[in-house]
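Counting from 1, the numbers follow the sequence of the chain as shown. Computed from a predicted structure; not experimentally measured.
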Amino acid sequence: MSNPHIYINLSTRKLFLQENCIINYYFPVAVGKPSTPTPSGDFQILSKIMNPGGVLGTRWMQFTRYEHGIHGTNQPWLIGQAVSLGCVRMYNKDV
């Protein structure tokens, strides 16, 4: 991919993958609960881990120094809800 960007709409709980100004994919996500919200703003992926396992599912992509990340889940029934500690959870097949 050239020039990819990830956008997350916290209110609709959707993640969008955009390349060359075109949204190529969108996915449902879970976001932070009101007491531990997902941070908003512009971020870069700081680190990636393949197959971290457990609650992180099949992928981990850290986007804040406070260890907020986009990751898979071992609780797929929670996708679409505000339930995390600020991370963005995705279905393992999507992340």
Side-chain angles (χ1 to χ4, degrees):
M1 279 190 190
S2 60
N3 200 24
H5 290 87
I6 295 171
Y7 297 96
I8 299 167
N9 185 315
L10 298 175
S11 61
T12 63
R13 300 178 186 141
K14 290 200 183 335
L15 179 147
F16 301 88
L17 179 61
Q18 178 179 312
E19 180 184 15
N20 297 323
C21 300
I22 298 170
I23 294 175
N24 292 318
Y25 302 98
Y26 67 92
F27 304 97
V29 296
V31 297
K33 56 189 168 190
S35 60
T36 55
T38 300
S40 59
D42 294 328
F43 303 96
Q44 292 184 343
I45 298 298
L46 302 174
S47 68
K48 297 179 186 179
I49 300 174
M50 296 281 290
N51 299 311
V55 297
L56 301 178
T58 60
R59 303 284 188 280
W60 164 258
M61 295 175 279
Q62 181 178 342
F63 66 87
T64 74
R65 64 181 182 188
Y66 301 107
E67 298 192 4
H68 292 101
I70 301 168
H71 61 82
T73 185
N74 63 353
Q75 299 173 315
W77 56 90
L78 296 177
I79 298 298
Q81 298 181 46
V83 294
S84 79
L85 296 175
C87 287
V88 176
R89 298 180 188 175
M90 300 178 71
Y91 290 117
N92 288 321
K93 67 180 180 59
D94 295 340
V95 71

**OP:** List the atom of Gln62, the atom of Trp60, and the distance in Å for their closest heavy-atom pair.
**Re:** CB-NE1, 3.5 Å

Original post:
From Gln44 CD over to Asp42 CG, what is the distance, rounded to the nearest 0.5 angstrom?
Top reply: 9.5 Å

Original post:
Quick one: side chain to side chain donor-acceptor pair (under 3.5 Å) partners of Asn20, sequence neighbours excluded?
Top reply: Ser2

Original post:
Counting distance only, does the side-chain N/O of Arg59 pair as donor-acceptor with the main-chain N or O of Val95 below 3.5 Å?
Top reply: no

Identify each donor-acceptor pair in which a side-chain atom of residues 32-39 lies under 3.5 Å from a protein atom, sequence neighbours left out, and give them as a table.
{"unit_1": "Thr36", "atom_1": "OG1", "unit_2": "Ser84", "atom_2": "O", "d": "2.9"}
{"unit_1": "Thr38", "atom_1": "OG1", "unit_2": "Gly32", "atom_2": "N", "d": "2.7"}
{"unit_1": "Thr38", "atom_1": "OG1", "unit_2": "Gly86", "atom_2": "O", "d": "3.1"}

Original post:
Donor-acceptor pair, Asp94 side chain versus Phe27 backbone, under 3.5 Å?
Top reply: no

**OP:** Taking all heavy atoms of Val29 and all of Met90, pick out the closest pair and write down the distance.
**Re:** CG1-CG, 3.7 Å

Subject >> Distance (rounded to the nearest 0.5 Å) between Met61 CE and Ile6 CD1 >> reply: 5.5 Å

**OP:** Establish whether Ile23 and Tyr25 are linked, either directly or via other cluster members, by ILVMFWY side-chain heavy-atom contacts under 4.5 Å.
**Re:** no

**OP:** Answer with yes or no after comparing the ring centroid distance for Phe16 and Tyr7 against a 6.0 Å cut-off, counting only values under it.
**Re:** no

Name each donor-acceptor pair under 3.5 Å that joins a side chain in residues 64-73 to protein atoms two or more places apart or in another chain, with its distance.
{"unit_1": "Thr64", "atom_1": "OG1", "unit_2": "Tyr66", "atom_2": "N", "d": "3.2"}
{"unit_1": "Thr64", "atom_1": "OG1", "unit_2": "Glu67", "atom_2": "N", "d": "3.4"}
{"unit_1": "Thr64", "atom_1": "OG1", "unit_2": "His68", "atom_2": "N", "d": "3.0"}
{"unit_1": "Thr64", "atom_1": "OG1", "unit_2": "His68", "atom_2": "ND1", "d": "2.8"}
{"unit_1": "Thr73", "atom_1": "OG1", "unit_2": "Gln75", "atom_2": "N", "d": "2.9"}

Subject >> Rounded distance [0.5 Å steps], CG in Leu56 versus CZ in Arg89 >> reply: 9.5 Å

Original post:
How about Asn3 and Glu19: do any of their side-chain heavy atoms sit closer than 4.5 Å?
Top reply: no

**OP:** State the CD1-CG distance between Ile79 and Asn92, to the nearest 0.5 angstrom.
**Re:** 8.5 Å

Original post:
Heavy-atom distance under 4.5 Å between the side chains of Phe63 and Ser47, does that happen here?
Top reply: no

Original post:
Which value, rounded to the nearest 0.5 Å, describes the distance between Leu78 atom CG and Tyr91 atom OH?
Top reply: 9.5 Å

Original post:
Is there a path from Val88 to Ile45 through hydrophobic residues (I, L, V, M, F, W, Y) whose side chains come within less than 4.5 Å of each other?
Top reply: yes

